[in-house]
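What follows is a single structure, written as structure tokens, with notes after it.
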2 protein chains.
Amino acid sequence: MKEDTMKTNHVVTIKDVSEHAGVAISTVSRVLNGLDRVSDETRIKVERAIEELGYVKNSLAASMKSGKSRIIVVVVPDIINEYYTAVVRGVEEIASQEDYYTMLFSSKDSHRREQKLFSGELGRAIDGAIIIPAYDELDYYRNISKPVVIIDRYVSGSDMHAVVIDNHKASYLLTEELILAGHRNIAIISGAQEFNIGMDRVKGYRDALKNYGIEVRPENEMIGNWYQEHGYRSTLELLEREDPPSAIFAANNLLCIGCIKAIREKGITIGKDISLTGFDDSEVAQLLEPDITVVRQETAMMGKIGMMKLLDIINRNEKTVYPKKVVLDVELIRRHSVGKI
Amino acid sequence: MKEDTMKTNHVVTIKDVSEHAGVAISTVSRVLNGLDRVSDETRIKVERAIEELGYVKNSLAASMKSGKSRIIVVVVPDIINEYYTAVVRGVEEIASQEDYYTMLFSSKDSHRREQKLFSGELGRAIDGAIIIPAYDELDYYRNISKPVVIIDRYVSGSDMHAVVIDNHKASYLLTEELILAGHRNIAIISGAQEFNIGMDRVKGYRDALKNYGIEVRPENEMIGNWYQEHGYRSTLELLEREDPPSAIFAANNLLCIGCIKAIREKGITIGKDISLTGFDDSEVAQLLEPDITVVRQETAMMGKIGMMKLLDIINRNEKTVYPKKVVLDVELIRRHSVGKI
DNA sequence: CCTTATTATCGAAACGTTTCTACAAAAATT
DNA sequence: AATTTTTGTAGAAACGTTTCGATAATAAGG
């Protein structure tokens, strides 16, 4: 009785399977991994034994020996931002198709946390990483001793594997939209200029202005960080000027929300008293009254392609279809936050 | 020269450390884990060796031997719903404090995916799980051979470790708010009744009506699923009746969004022509015009307590402060989506 | 029918830890 | 000074796999 209980408690190993099937341990392993050739007869015996005993591979032990864990980690700045979770969704879709496990890690935009991850135990356990970097020295990421794909943020001139969107174009389109509605005094609220997402967005804005022969006024460029608070404060400051801008371009979703809050607080109306374009499309942008003109980015696609690139690197796939740096196109979504002047 | 390169390429193991320090492998291990007593002299020697060689523990190997991976998995129905990611944030906070790694897994509300996770390799590798279940047979989760804490959704009568909010109270408060504003014809839009989140929310609604002597009308209970589409269709149906309700209570965030879309489409005004209460608080609920009356749930706290409970179970901590089932309180947030009648 | 090539299987060593048992040295007790 | 206890360390076995070299069995070539 007691022995019975003990037996059921015991987790079944490859050794149990081999004994049950009357073959060597190595044979079972070969059946499991389907690498080498095994006679049909043996294969069936082993498979039946696996079935009967309810064997489940201990991936930890396997990983230790083979050095592969089939775990990839996705590093995002913030787990709660829907923009990032949409990327993760894309990654997960491809990963699970290929029997990889994804682990989500939130860096909270802290390079320290990233370092802790990659220099620590887990950093050694993973097979690869997809990173939205918190640090603008991409060299750091290049020196990670695992396959890495950079997503969303980039430093131009780097030669790392990366998937980004066409920030310059997006920004140009959103600014142009305001110009075409007759605006001449247009402000931009943007975050740090370390990454392409900062520089290209400001550059796209400036280039649009220049192209239409509009003066670029430094005081209209509110550069700070990417968080709501900055959007809020910058907007208040802009609106309290003697000569406030007639249109604002908020360079990401959080800045846009902050901006809207400030505008509301001032009691003026978006699309009438002031025009506004945002960046990332979202539920909020659609539901607001008026709804916000934005660019749609293929966020999930970014994750998907990132993961496919990572797989190519892990498997040293020579005939990959992707260039080192993939730039995704964007699409302007016209809504009602831009009013004619 | 060649040897040099080879040496740097070689990953340093505990054995290298032991040789460098001139002690036994086991001694290094004891220093690393700080379990047994080691003389200060030896400890320092070993620590210096670790420092000099840049040794990083191979957690895979350690896990294999000890049977502990320090990985816990958080299973959520949908990674993109901010309600769930807020929970995950709470979990992560506690987990990283205690040097656990969290792995995020999206079940997509599919029990199949859950089963695949727990019956597969990874299911064996983890130390525990925090689950928002996709399946209403909690017995399934009880039989997972790992420590498990159920979050958010629950089946009454079960005796599993769980952290939930007071759905009945939340629902009661939101309905009462409508009643106190003079409404008598109040509809509820809710999801499936398998879990407490369904049953308690409908029950809270009914109990509020009864308490105020208002007739409970079955045709006012739009029970379906928890997704936007259901909120949208139900609202359209309600509004097209001869005797449409003057107020709607949408029992989660997605239903509420669907509801709002339908109302907008009909060209009527929330807070005036129709009153509305939602459930989960969110950025959207705050930014909409008018902003929506909801209950605030301590979502992150749910994750935190869930993780602390899980740690108690993993460590077989007898003096835990938490009851098996923790019920968190809720708070009504009055905004402007409810109009007096 | 003997040799060589091919195929299927086995046994054992490895992977990098943890942990148990044993033993020597030092400290404490007689 | 002889015994016992405590403390610190070493050595080796174990964890559950993968993988390599060896071997046995079968097929092919002369």
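Proteins come first, then strands; the chains are lettered A, B, ... in the order of their sequence lines, and each starts at number 1. Remember, it's a predicted structure, so these values are computed and weren't measured experimentally.
Spacing between atom CG of Asn33(B) and atom P of dT19(C) amounts to 7 Å, rounded to whole angstrom units. Taking atom CZ of residue Arg124(A) and atom P of nucleotide dG16(C), one finds them 8 Å apart after rounding to whole Å. Following rounding to the nearest Å, Lys15(B) (NZ) and dA10(D) (P) show an atom-to-atom distance of 15 Å. Put simply, CD1 on Ile25(A) is 17 Å from P on dC20(D), counting in whole angstrom units. Atoms CD (Glu19(A)) and P (dT17(D)) sit 13 Å apart, rounded to a whole Å. Going from atom CG of Leu32(A) over to atom C1' of dT19(D) covers 14 Å, rounded to whole Å. Taking atom CZ on Arg30(B) and atom P on dT21(C), their separation rounds to 15 Å, with Å as the unit. Taking atom CG on Asp16(B) and atom C1' on dT17(C), their separation rounds to 13 Å, with Å as the unit.
For the segment residues 38-72 of chain A, the set of residues with a heavy atom within less than 4.0 Å of an atom of DNA chain C comprises Val38(A), Ser39(A), Thr42(A), Met64(A), Lys65(A), in numerical order.
An OP1 or OP2 oxygen of dC10(C) is reached within less than 4.0 angstrom by a side-chain nitrogen or oxygen of Thr27(A). Side-chain N/O atoms of Ser29(A) include one lying less than 4.0 angstrom from OP1 or OP2 on dT18(D).
With no hydrogens or angles considered, no side-chain donor-acceptor pair links Asn196(B) and Ser156(B) at under 3.5 Å. Side chain to side chain, Tyr135(A) and Glu194(A) fail the donor-acceptor criterion of an N or O pair below 3.5 Å. A side-chain donor from one of Thr42(A) and Ser39(A) sits under 3.5 Å from a side-chain acceptor of the other. With hydrogens and angles left out, the side-chain atoms of Tyr83(B) and Asp152(B) include a donor and acceptor closer than 3.5 Å.
Each of Asn33(A), Val31(A), Thr27(A) was evaluated against Ser29(A); a single residue qualifies, Asn33(A), per the side chain to side chain contact (heavy atoms under 4.5 Å, CB included) test.
Geometrically, Arg70(B) does not engage Tyr101(B) in a cation-pi contact, judged by NZ or CZ lying under 6.0 Å from the ring centre and within 45° of the ring axis.
A donor-acceptor pair under 3.5 Å is formed between the side chain of Arg113(A) and the backbone N or O of Ser106(A).
Here Ser26(A) lies in heavy-atom contact (under 4.0 Å) with a base.
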